[in-house]
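As structure tokens, the structure follows; a few thoughts come after it.
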Amino acid sequence: MIVIGNIAIVIATIIFFVLVSALFGKEPPRGGDGVIGHVWGVIIFNIVFLVCMVIAAIAIGTNHGFSWIQYSKTGTFFIVMAGLLAACATSTLTGLFKYENGPIPPLYRTFSTFVPILIPLTLIITATILLNPNLRNNVPLPYYKWPLAGVSLLGLIGLASGLFSFIEGNIKNETARIQQSINDENENNIRMMGEVDSCDVINNLGGILIFTDGYKDKVVTERAVAKMKTNSDWQNELIRLIETNQAPEVFTFLASNEVDNPELFYTPIQKGILIQAKQIRENIRRCSHPSHFYADQFSWEVERVIRTVDKFQNKDVSYLNEMKEIRAALDEPNEFEKPRFNCISRLDHWIKEHK
């Protein structure tokens, strides 16, 4: 094993000089394929270096070169491998980021000036001493113990710094994403409230109903409902609209808001459900390409119809037959294969509960 270990150290030494030349010689390319080649070259040579040092470490261990570490064989193995991996990982990362102009862990900027030389060189020298009994017996323990401890510590500090920077970067990105989402939502709310304010609820009450959806921000829905009710005849207008092709918009309002006289809506809702079923059939018939179908299709319409009938049904009013019409509409054939719409499961469940 001593011979194999020494061969591995010789190869690692050659790799070390190649890496020093690549990292501290001529500055690598700043763009194009040359950058990719440089990065992969550094990574591959560092992997080869690590493999060589692992072989050397195994050879050292089999020849009792780590007997000065006061742990069991298993404990010693894990300590040596952990220190070696941490040291080589930090050496690799600091080498990769040496010429990086973008944001990198601050400590890597400093480490990149000496760590890619210090760690490999220390590992090569100490491995040579520990692997060869003549050298090991003549070199005082502190001369290789503390350098090894030092590069292991550097490796752990480097990894911790990289991990901290990664977590910090993720937190900053997530915070920025959330803030951007809030800004976008606020801008969207401002836009919607502007449309609400400009809506003519006397002549076009249907134009404001989409903004009364309970899934929108409360500030938008409250403003829309208040504006809608400035039309003193808003209930009768809803009743008129639910019997037209604007039935889905009326269901949007009814699903999330209360009316003054629910009894006025019992029969109109039945008619509106049939109109919604008719619109679903027509939509399916119009689809002229497989891409026109998707699993969530009609979920918006069916969900609001269900929420509406759940509010308005009672022992004297049943919407079961009308809901069956919607279910049948979802089975409308088309020359192209349809997915099983997600809304079917909820609708089937509702029908089963109300039979």
Side-chain angles (χ1 to χ4, degrees), residues 12-13 15-31 34-57 60 66 69 71 75-127 130 142-180:
T13 304
I15 296 296
F16 167 68
F17 284 114
V18 172
L19 285 170
V20 170
S21 176
L23 295 174
F24 294 91
K26 183 180 178 181
E27 185 172 324
R30 290 290 186 173
V35 174
I36 299 175
H38 172 78
V39 170
W40 277 110
V42 171
I43 293 173
I44 291 171
F45 279 120
N46 273 284
I47 291 174
V48 174
F49 179 86
L50 173 62
V51 171
C52 290
M53 295 313 300
V54 168
I55 294 172
I60 293 168
F66 293 121
I69 300 178
Y71 287 96
T76 298
F77 174 81
F78 281 110
I79 289 174
V80 170
M81 288 303 165
L84 178 59
L85 290 173
C88 288
T90 295
S91 178
T92 302
L93 291 172
T94 53
L96 286 172
F97 290 127
K98 180 172 175 58
Y99 295 102
E100 179 62 48
N101 292 324
I104 65 172
L107 195 61
Y108 282 14
R109 190 77 68 186
T110 301
F111 273 16
S112 65
T113 61
F114 68 92
V115 164
I117 292 178
L118 177 64
I119 286 180
L121 185 59
T122 301
L123 292 175
I124 289 170
I125 293 174
T126 54
L130 291 171
Y143 282 40
Y144 50 81
K145 174 181 178 180
W146 295 117
L148 280 176
V151 295
S152 297
L153 182 61
L154 276 177
L156 293 173
I157 292 173
L159 290 181
S161 175
L163 179 61
F164 176 79
S165 295
F166 175 77
I167 295 173
E168 183 183 38
N170 277 353
I171 292 173
K172 287 182 179 178
N173 290 338
E174 183 64 15
T175 301
R177 187 193 66 78
I178 292 172
Q179 186 59 52
Q180 184 60 48

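Numbering starts at 1 and runs along the sequence shown.
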What is the distance from atom OG1 of Thr126 to atom CG of Leu121, rounded to the nearest 0.5 Å? 9.0 Å
Test Phe24 against Leu19 for side chain to side chain contact (heavy atoms under 4.5 Å, CB included), laying out the working first. CA-CA 8 Å; Phe24 294 91; Leu19 285 170; over 6 Å; no
So, taking the atom named CG in Leu130 and the one named CD1 in Ile125, what distance separates them when rounded to the nearest 0.5 Å? 12.0 Å
Go through it in stages, so that I can follow the logic: the residues are Ile171 and Thr175, the test is side chain to side chain contact (heavy atoms under 4.5 Å, CB included), and I'd like the CA-CA distance, side-chain angles, deciding distance and then a yes or no. CA-CA 6 Å; Ile171 292 173; Thr175 301; 4.1 Å; yes
List the steps and the verdict of side chain to side chain contact (heavy atoms under 4.5 Å, CB included) for Phe111 and Ile157. CA-CA 10 Å; Phe111 273 16; Ile157 292 173; 4.2 Å; yes
Within 6.0 angstrom of Phe66 CZ, more than 12 heavy atoms from elsewhere: yes
Measure across Ala127 and Met53 and return the closest heavy-atom pair with its distance rounded to 0.1 Å. CB-CE, 3.6 Å
With rounding to the nearest 0.5 angstrom, report the SG to CG distance, Cys88 to Leu93. 11.0 Å
Would you confirm whether Thr90, through its side chain, and Ala87, through its main-chain N or O, come within 3.5 Å as a donor-acceptor pair? no
Before you tell me yes or no, could you show the steps for Thr94 and Ile119 under side chain to side chain contact (heavy atoms under 4.5 Å, CB included), namely the whole-Å CA-CA distance, both residues' side-chain angles and the distance that decides it to 0.1 Å? CA-CA 11 Å; Thr94 53; Ile119 286 180; over 6 Å; no
Let me confirm one number: the CG-CZ distance from Asn46 to Phe16, rounded to the nearest 0.5 Å. 11.5 Å
Nearest-0.5 Å distance, CG of residue Leu50 to CD1 of residue Ile55: 10.0 Å
Considering all heavy atoms of both residues, which atom of Ala57 and which atom of Val80 are nearest to each other, and what is their separation? CB-CG1, 4.3 Å
What residues, two or more places apart in sequence or in another chain, satisfy side chain to side chain contact (heavy atoms under 4.5 Å, CB included) together with Gln180? Asp184
So OG of Ser91 and CZ of Phe114: to nearest 0.5 Å the spacing works out to 11.0 Å
In terms of heavy-atom contacts, Ile124 and Ala12 come closest through CD1-O, 3.9 Å
Indicate yes or no for a side-chain donor-acceptor contact from Ser165 to the backbone of Gly162 under 3.5 Å, with no hydrogens or angles considered. no
